[in-house]
**Student:** 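Below are the structure tokens for one structure; questions will follow.
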Amino acid sequence: QVQLVESGGGLVQAGGSLRLSCAATGRTASSSIMAWFRQAPGKEREFVAAISTGGTRTRYIDSVKGRFTISRDNANKMLYLQMRSLEPEDTAVYYCASRLGTALVDTPQEYDNWGQGTQVTISS
């Protein structure tokens, strides 16, 4: 079992930046695929980005490519999402998730552990 706690959300103007963090605890935290999802009001939970256990492979949804960067620090069991050039459409609750395995899957049902979420609001 992996426990996840997100932080770093907030309110920023369009064009601004934010860095989300996710602290992981648990025996398998460093050997898990890690990902960020988001959920806007009235919408389904959406995949944003995922990273392999060693950090060498990443995957992004098209709408954030070139603006968001996912990274991890296995020594400290931390996951990050650096977000730049933020747009109002990025407004959502952002969730950290983990799963065992090697595939950078984009479906929420494939992830076993979830954080409580952190709110990101982008004003126009």
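The analysis underlying the following values was restricted to heavy atoms, covering all of them including side chains, and did not include hydrogens, waters or symmetry mates.
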**Student:** Could you tell me the separation between the CD atom of Gln1 and the OG atom of Ser98, rounded to the nearest 0.5 Å?
**Tutor:**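 So the CD of Gln1 and the OG of Ser98 are separated by 8.0 Å.
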**Student:** Only counting residues at least two apart or in another chain, list the ones meeting side-chain hydrogen bond (donor to acceptor under 3.5 Å, both in side chains) with Glu89.
**Tutor:**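 Partners of Glu89 under the side-chain hydrogen bond (donor to acceptor under 3.5 Å, both in side chains) test: none.
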**Student:** Looking only at heavy atoms, what is the nearest atom pair of Ala49 and Leu81, with distance?
**Tutor:**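 Nearest heavy atoms, Ala49 then Leu81: CB-CD1, 4.5 Å.
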**Student:** Nearest 0.5 Å, what's the OG-CD distance between Ser71 and Gln82?
**Tutor:**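 Output value for this atom pair is 8.0 Å.
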**Student:** Verify whether one side chain among Ser85 and Glu87 offers a donor that lies under 3.5 Å from an acceptor in the other.
**Tutor:**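 Judged by distance alone, the side chains do not pair up.
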**Student:** Atom CG of Asp73 and atom OH of Tyr80: how far apart are they, to the nearest 0.5 Å?
**Tutor:**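 The OH atom of Tyr80 is 5.0 Å from CG of Asp73, to the nearest 0.5 Å.
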**Student:** Is the distance between the ring centroids of Trp36 and Phe47 under 6.0 Å?
**Tutor:**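 That pair fails the under 6.0 Å test.
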**Student:** Donor-acceptor pair, distance only, cut-off 3.5 Å: does the side chain of Arg57 make one with the backbone of Thr102?
**Tutor:**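 Yes: the side chain of Arg57 pairs with the backbone of Thr102.
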**Student:** Are the side chain of Thr118 and the backbone N or O of Gly9 linked by a donor-acceptor pair below 3.5 Å?
**Tutor:**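 Checking the backbone N and O of Gly9 against the side chain of Thr118, a donor-acceptor pair under 3.5 Å is found.
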**Student:** Quick one about Gln13 and Ser123 (side-chain donor to acceptor, distance below 3.5 Å, no hydrogens or angles considered), yes or no?
**Tutor:**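 Side-chain D/A pair, Ser123 to Gln13: absent.
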**Student:** Are Trp114 and Val93 connected into the same hydrophobic cluster when the rule is that any two of I, L, V, M, F, W, Y join if their side-chain heavy atoms are below 4.5 Å apart?
**Tutor:**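 Same cluster.
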**Student:** Taking only residues two or more places apart in sequence or in another chain, which ones pass side-chain hydrogen bond (donor to acceptor under 3.5 Å, both in side chains) with Arg67?
**Tutor:**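 Arg67 satisfies side-chain hydrogen bond (donor to acceptor under 3.5 Å, both in side chains) with Asp90 once adjacent residues are dropped.
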**Student:** List in chain and number order the residues that pass side-chain contact (heavy atoms from CB on, under 4.5 Å) with Arg99, two or more places apart in sequence or in another chain; answer none if no residue qualifies.
**Tutor:**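 Counting only residues at least two positions away or on another chain, Arg99 forms a side-chain contact (heavy atoms from CB on, under 4.5 Å) with Ile33, Ala103, Val105, Glu110, Tyr111, Asp112.
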**Student:** Please work out whether the ring planes of Tyr94 and Phe68 are parallel, tilted or perpendicular, with thresholds of 30° and 60°.
**Tutor:**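 Correct class here is tilted.
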**Student:** Under 4.5 Å between any side-chain heavy atoms of Ile51 and Leu104, yes or no?
**Tutor:**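 Ile51 does not reach Leu104 side chain to side chain.
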**Student:** Leu79 and Ile61: same hydrophobic cluster, using ILVMFWY side-chain contacts below 4.5 Å?
**Tutor:**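 Linked within one cluster.
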**Student:** Restricting to non-hydrogen atoms, name the atom on Ser30 and the atom on Lys77 that form the minimum distance, rounded to 0.1 Å.
**Tutor:**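 Looks like OG-CG, 3.7 Å.
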**Student:** Distance from Leu11 atom CG to Ile122 atom CD1, nearest 0.5 Å?
**Tutor:**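 Reported value, rounded in 0.5 Å steps: 7.5 Å.
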**Student:** CD/Glu6 to CD/Gln119 distance, rounded to the nearest 0.5 angstrom?
**Tutor:**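 One finds 12.0 Å between CD of Glu6 and CD of Gln119.
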**Student:** Before you tell me yes or no, could you show the steps for Val12 and Met83 under side-chain contact (heavy atoms from CB on, under 4.5 Å), namely the whole-Å CA-CA distance, both residues' side-chain angles and the distance that decides it to 0.1 Å?
**Tutor:** CA-CA 11 Å; Val12 298; Met83 306 186 293; over 6 Å; no
**Student:** Given side-chain contact (heavy atoms from CB on, under 4.5 Å), test Val120 with Thr91 step by step and report yes or no.
**Tutor:** CA-CA 5 Å; Val120 171; Thr91 294; 5.9 Å; no
**Student:** Out of curiosity, Gln3 CD to Gln116 CD, how far, rounded to the nearest 0.5 Å?
**Tutor:**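 That separation rounds to 12.5 Å.
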**Student:** Specify the closest pair of heavy atoms between Ser124 and Ala14, including all atoms of both residues, with the distance to one decimal.
**Tutor:**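 So the minimum-distance heavy-atom pair works out to CA-CB, 4.4 Å.
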**Student:** Do Thr53 and Met34 touch side chain to side chain, with heavy atoms closer than 4.5 Å?
**Tutor:**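 Thr53 does not reach Met34 side chain to side chain.
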**Student:** Is there a side-chain contact between Tyr95 and Arg38 in this structure, where contact means two heavy atoms from C-beta onward sitting under 4.5 Å apart?
**Tutor:**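 With C-beta onward as the side chain, the pair stays apart.
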**Student:** Quick one, Val2 and Thr25 - any side-chain contact, counting heavy atoms below 4.5 Å?
**Tutor:**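 Val2 vs Thr25: side chains apart.
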**Student:** Do you know which two heavy atoms are closest between Leu4 and Asn113, and how far apart they sit?
**Tutor:**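 The pair with the smallest heavy-atom distance is CD1-O, 3.5 Å.
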